[in-house]
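Structure record follows, encoded as structure tokens.
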Number of protein chains: 2
Amino acid sequence: MVGNSSISETVPASCCGPARPRDRIVTSARDLFHRHGIRGVGVEAIAEAAGTNKMTLYRHFGCKDDLIVECLQAVADEGLAMWVEIEAGHPGDHRAQLQAWVQQAANWLSADGRGCDLANAAMELTEAGHPARRLIEKCKRAHRDRLVDVCKAAGITQADLLADTLVLLLEGARVSRQSVGAEGPSAKFVRMSEAVIEAFAERGDGQRAATQD
Amino acid sequence: MVGNSSISETVPASCCGPARPRDRIVTSARDLFHRHGIRGVGVEAIAEAAGTNKMTLYRHFGCKDDLIVECLQAVADEGLAMWVEIEAGHPGDHRAQLQAWVQQAANWLSADGRGCDLANAAMELTEAGHPARRLIEKCKRAHRDRLVDVCKAAGITQADLLADTLVLLLEGARVSRQSVGAEGPSAKFVRMSEAVIEAFAERGDGQRAATQD
DNA sequence: AGACCATGTTACCGCTCAGTAACAATCGGG
DNA sequence: CCCGATTGTTACTGAGCGGTAACATGGTCT
């Protein structure tokens, strides 16, 4: 458990002015949950990292679970924003969008060794009907469906299978990195993903049977 | 956190005789850790589930961390035993051993939705130098190396890449199952794995370029 | 029988947790 | 300038945690 003392401040006092306490709390909570796990962080530590106190936290979030849901929702929103960015960066070129997704996934992998917040939360929140579980499932499903759409739009016939394969490779890479580090199997994620995409494109792409860019 | 009351007994009183308390404690601890997470189970609950008490637990394990390490070691041992079983089941036929590994992985997937205890522990035990982390890393690395050996023995040239791909697919399937359930991408794990093995065998197998069993 | 050792029982310690009450300070808008 | 809403401060509750002390019980071997 993270003690109340000597927590590396999420909001380093110098810049804790602009945002309202509520936003700072979510920001700090996300950071601490990510680094130490949800069950490894107490609300007091969150409030302190946000430059505020427990009372203010409980005025904005009725209980810790509500704060957890809000944090995970923020993660989900960033996931949606990623898709918007990818589409904006490669309008119409769905094959390039796929490659951009792989690149974005690689960025997540190289960011740190703490895996996906949603997957981690699904592991930690073992209570059957926890409100966060629905959100996690919906978000993961949406991400997968979106990837299917891009694969379909890229002309891949077995779009479902390719998308599911890429999802498992990414999910596996993020969890593997937590166990054996960045030099383990996850180091080859990009190579694997591009090879799989290539294999599916060769097999089931009508209009570009021989080209490969 | 799991309360002290109403825990479904791991050792249902009717059969809590034979094994010594120490073994019952490890068995119960593994089960509870698996189902509720390490941080979600208190030592009192473990002792109660094992049909004994906290004092006896602490006489065998100096602290909770020691018990955690022992439990993870037991998981690692079972992993080794799996390899022995696979080799014994298909002596000399390394391609069949690969298929047996896929089948065993599928069994893990269908067992329950709680993922790999080692990977879960790596997620929960965020403390940098926790004694369990070395064990987890060593075991995961050994599993991967063993898979590489089988791939090599099966005549696959890019054995490293195939083994790493299979590792990521399995790791991803187990974590995905926790988020979106058994009907998600993890449902296609066997199909994906066999397809990947096939692809690597076709590409880099000298003596059986056309056969496919 | 006696000694020993593993186990059971109860009570306790200090700590942290999630969550609350009561009151003081601050700050922006009329 | 003053009112009301937001925030800060302190102290507290009840519970669970990991871990320990002291003592009672039971079996086992000599």
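Letters A, B, ... mirror the listed sequences (proteins, then strands); counts begin at 1. Every heavy atom of this structure was used, including side-chain atoms; hydrogens, water molecules and symmetry mates were not.
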Return the value, rounded to whole Å, for the distance between atom [atom1] of [X] and atom [atom2] of [N].
| X | N | atom1 | atom2 | result |
| --- | --- | --- | --- | --- |
| A:L57 | C:dG19 | CG | P | 10 Å |
| B:K64 | D:dG16 | NZ | P | 15 Å |
| B:R59 | D:dA22 | CZ | C1' | 11 Å |
| B:R24 | C:dA6 | CZ | P | 16 Å |
| B:R22 | C:dC5 | CZ | P | 19 Å |
| B:E48 | D:dC17 | CD | P | 11 Å |
| B:R39 | C:dC17 | CZ | P | 12 Å |
| A:Y58 | C:dA22 | OH | C1' | 18 Å |

Set of salt bridge (charged side-chain N to carboxylate O under 4.0 Å, His left out) partners for B:E85, sequence neighbours left out: none

What nucleotide, of C:dT9, D:dT7, D:dG8, holds the atom closest to the side chain of A:R20? D:dT7

Look only at the side chain of A:Q97 and the backbone of A:H90, and say whether a donor-acceptor pair between them is shorter than 3.5 Å. yes

Can any side-chain N or O of B:R24 pair as donor or acceptor with the backbone N or O of B:A50 at less than 3.5 Å? yes

With a 4.0 Å cutoff (strictly under), does any side-chain N or O of [X] reach OP1 or OP2 of [N]?
| X | N | value |
| --- | --- | --- |
| B:T52 | C:dT7 | no |
| B:T56 | C:dG8 | yes |
| A:H60 | D:dT7 | yes |

Under 3.5 Å donor-acceptor pair, B:K54 side-chain atoms to D:dG19 base atoms: yes

Go through it in stages, so that I can follow the logic: the residues are A:D66 and A:H60, the test is side chain to side chain donor-acceptor pair (under 3.5 Å), and I'd like the CA-CA distance, side-chain angles, deciding distance and then a yes or no. CA-CA 9 Å; A:D66 290 356; A:H60 288 287; over 6 Å; no

5'-most contact on DNA chain C: A:M55 or A:V43, nearest heavy atom basis?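 Its nearest nucleotide lies further toward 5', so the answer is A:V43.
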
Determine, for B:E171 against B:K140, whether the closest basic-nitrogen to carboxylate-oxygen distance falls under 4.0 angstrom. yes

